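Each remark here refers to the structure printed beneath this line.
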There are 2 protein chains.
Amino acid sequence: MPQDATAPTVLERPVQAGSTQLSGVEIGDLSGSLGFVLRICQLLAFDRFYRSGEPLPISAGEYSTLWTIGMNPGIRQGQLGTALFIKPAHMTKLIRRMEDQGFVQRVVPEDDRRAVCLSLTPVGEALIQRFRDTFFGRRAAEAEGLSPKELEEFLRLLRKYAGVTTRA
Amino acid sequence: MPQDATAPTVLERPVQAGSTQLSGVEIGDLSGSLGFVLRICQLLAFDRFYRSGEPLPISAGEYSTLWTIGMNPGIRQGQLGTALFIKPAHMTKLIRRMEDQGFVQRVVPEDDRRAVCLSLTPVGEALIQRFRDTFFGRRAAEAEGLSPKELEEFLRLLRKYAGVTTRA
DNA sequence: CGGATTTATTTTCCACGTAAACAATTTTTA
DNA sequence: TAAAAATTGTTTACGTGGAAAATAAATCCG
């Protein structure tokens, strides 16, 4: 690990007006690091999601995965992983677990026996319908601290950054 | 796990104009779930960060932690964890590892021998100075897909949501 | 047409991060 | 003033998620 022995022993704080804090702790330029702030926001959203409303019987990640399979019956496992940013190794285990729970069925297509095509079972469909409002209905709690207009813009920028496309 | 046997076996897609997709996969209302979109953005930012520029000799998380200690010499370990959303169990191991690497020193204050106060060593200071531009200088790559104005607004909303406070 | 290469998923091992329990110390309470 | 409660960080066990290697199948190329 390269070390610069000539560096001063006291950290020179970056030149900026006043202070920038998180939970009373000075973070300076870290507040301008997109990765850092996104991580804090994601952890906060996760925390708020679980602290409000009726509990889900499965994790939010599992719900999202089932939801996406429901929206795309027959979707290939690799394609699902690409869309949801879940690596193949984990997706394999996630799908196996949800298959064991009876929510998902796997079909190996005749035209490509390497692949796995996924669909929801009736039980899986029922589950995501049953908990739809539980999952989607926490906007007020999730968006604490932002006005409705700000939340709208926030989601628009998040979607744009994420590469979510919408078309009529 | 509650199941509604009367639910239809085909997922009724939500009523919305057109389609909403991610990587060519239909996600529908998932694009309105703050936690979900934040997770996607965080993974994307992380991916872009590592794919661009000179590699860091430590992880981004370790750099952020060292940076924050540098901005707050003598900070209590618990307070650091609260600010960075890192649980005590993990912070203990993280700090131990960075102490072993020579970047951090731990001092148990006389007035509260339960606590641990953290500061950077000269080696730690040198490290975060040495890689400052490597860590902070990837705005262009990180913010791919957003205009400068949008990035500014994006960061403003992220900071607001995260509870970052700024004062003169 | 057979071997090489690529693709898709699975398996194994491991790191990260945390829940829960624990230990030491401080503060509170009766 | 001593016991109870709370605080601070540590340790242990475990779940999540992924890197790397393996396996099976499809495609490509000479």
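Note on naming: letters A, B, ... go to the chains in the order of the sequence lines (proteins, then strands), and numbering restarts at 1 for each one. Here the structure is a predicted model, which means the values were calculated and not measured.
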**Report entry** Those residues that, when tested against B:Arg76, pass salt bridge (Lys or Arg N to Asp or Glu O under 4.0 Å) (two or more places apart)
**Finding:** B:Asp112

Report summary line: By salt bridge (Lys or Arg N to Asp or Glu O under 4.0 Å), B:Lys160 pairs with (sequence neighbours left out) A:Glu150

Query raised in the report: Once you round it to whole Å, what is the distance between P of D:dG18 and OH of B:Tyr50?
Result: 14 Å

Query raised in the report: Given that A:Thr92 and B:Pro109 both sit by DNA chain C, which one's nearest nucleotide is further toward the 5' end?
Result: A:Thr92

Please list, for nucleotides 3-5 of chain D, all pairs of protein and nucleotide N/O atoms separated by less than 3.5 Å.
none

**Report entry** B:Trp67 ring center within less than 6.0 Å of B:Phe131 ring center
**Finding:** no

Query raised in the report: Taking the nucleotide of DNA chain D with the closest heavy atom to each, which residue, A:Glu110 or B:Cys117, is nearer the 5' end?
Result: B:Cys117

Query raised in the report: Rounded to whole angstroms, how far apart are CG on B:Asp47 and P on D:dG17?
Result: 17 Å

Report task. Using heavy atoms to find the nearest nucleotide of DNA chain D for A:Phe85 and A:Asp111 separately, return the residue whose nucleotide is more 5′. Result -> A:Phe85

Requested in this report: Take the protein atom CZ of A:Arg76 and the nucleotide atom C1' of D:dA26, then report the distance between them rounded to whole Å.
Outcome: 11 Å

Query raised in the report: What does A:Arg96 touch in the nucleic acid at a heavy-atom separation under 4.0 angstrom: a base, only the sugar-phosphate, or nothing?
Result: nothing

Query - Those residues that, when tested against B:Arg48, pass salt bridge (Lys or Arg N to Asp or Glu O under 4.0 Å) (two or more places apart) - result: B:Glu144

Query raised in the report: Is the shortest side-chain N to carboxylate O distance from A:Glu153 to A:Arg156 below 4.0 Å?
Result: yes

Query raised in the report: With no hydrogens and no angle check, is any side-chain donor or acceptor of A:Ser33 less than 3.5 Å from a backbone partner on A:Leu30?
Result: no

Query raised in the report: Do B:Leu120 and B:Val107 sit in the same hydrophobic cluster, where Ile, Leu, Val, Met, Phe, Trp and Tyr count as joined when their side-chain heavy atoms come under 4.5 Å apart?
Result: no

Query raised in the report: Between the main-chain N or O of A:Phe103 and the side-chain N or O of A:Thr121, is there a donor-acceptor pair closer than 3.5 Å?
Result: yes

Query raised in the report: Which nucleotide sits closest to the side chain of B:Arg106: D:dT10, D:dT16, D:dG9?
Result: D:dT10

Polar atom pairs (N or O), protein with nucleotides 19-25 of chain D, under 3.5 Å:
{"from": "D:dA19", "atom 1": "OP2", "to": "A:Lys87", "atom 2": "NZ", "distance (Å)": "3.4"}

**Report entry** side chain to side chain donor-acceptor pair (under 3.5 Å) contacts in which one or both residues fall within residues 55-66 of chain A, not counting sequence neighbours
**Finding:** A:Ser59-A:Glu62, A:Glu62-A:Arg97

Query - 5'-most by nearest nucleotide on DNA chain C - A:Arg39 or A:Gln79 - result: A:Gln79

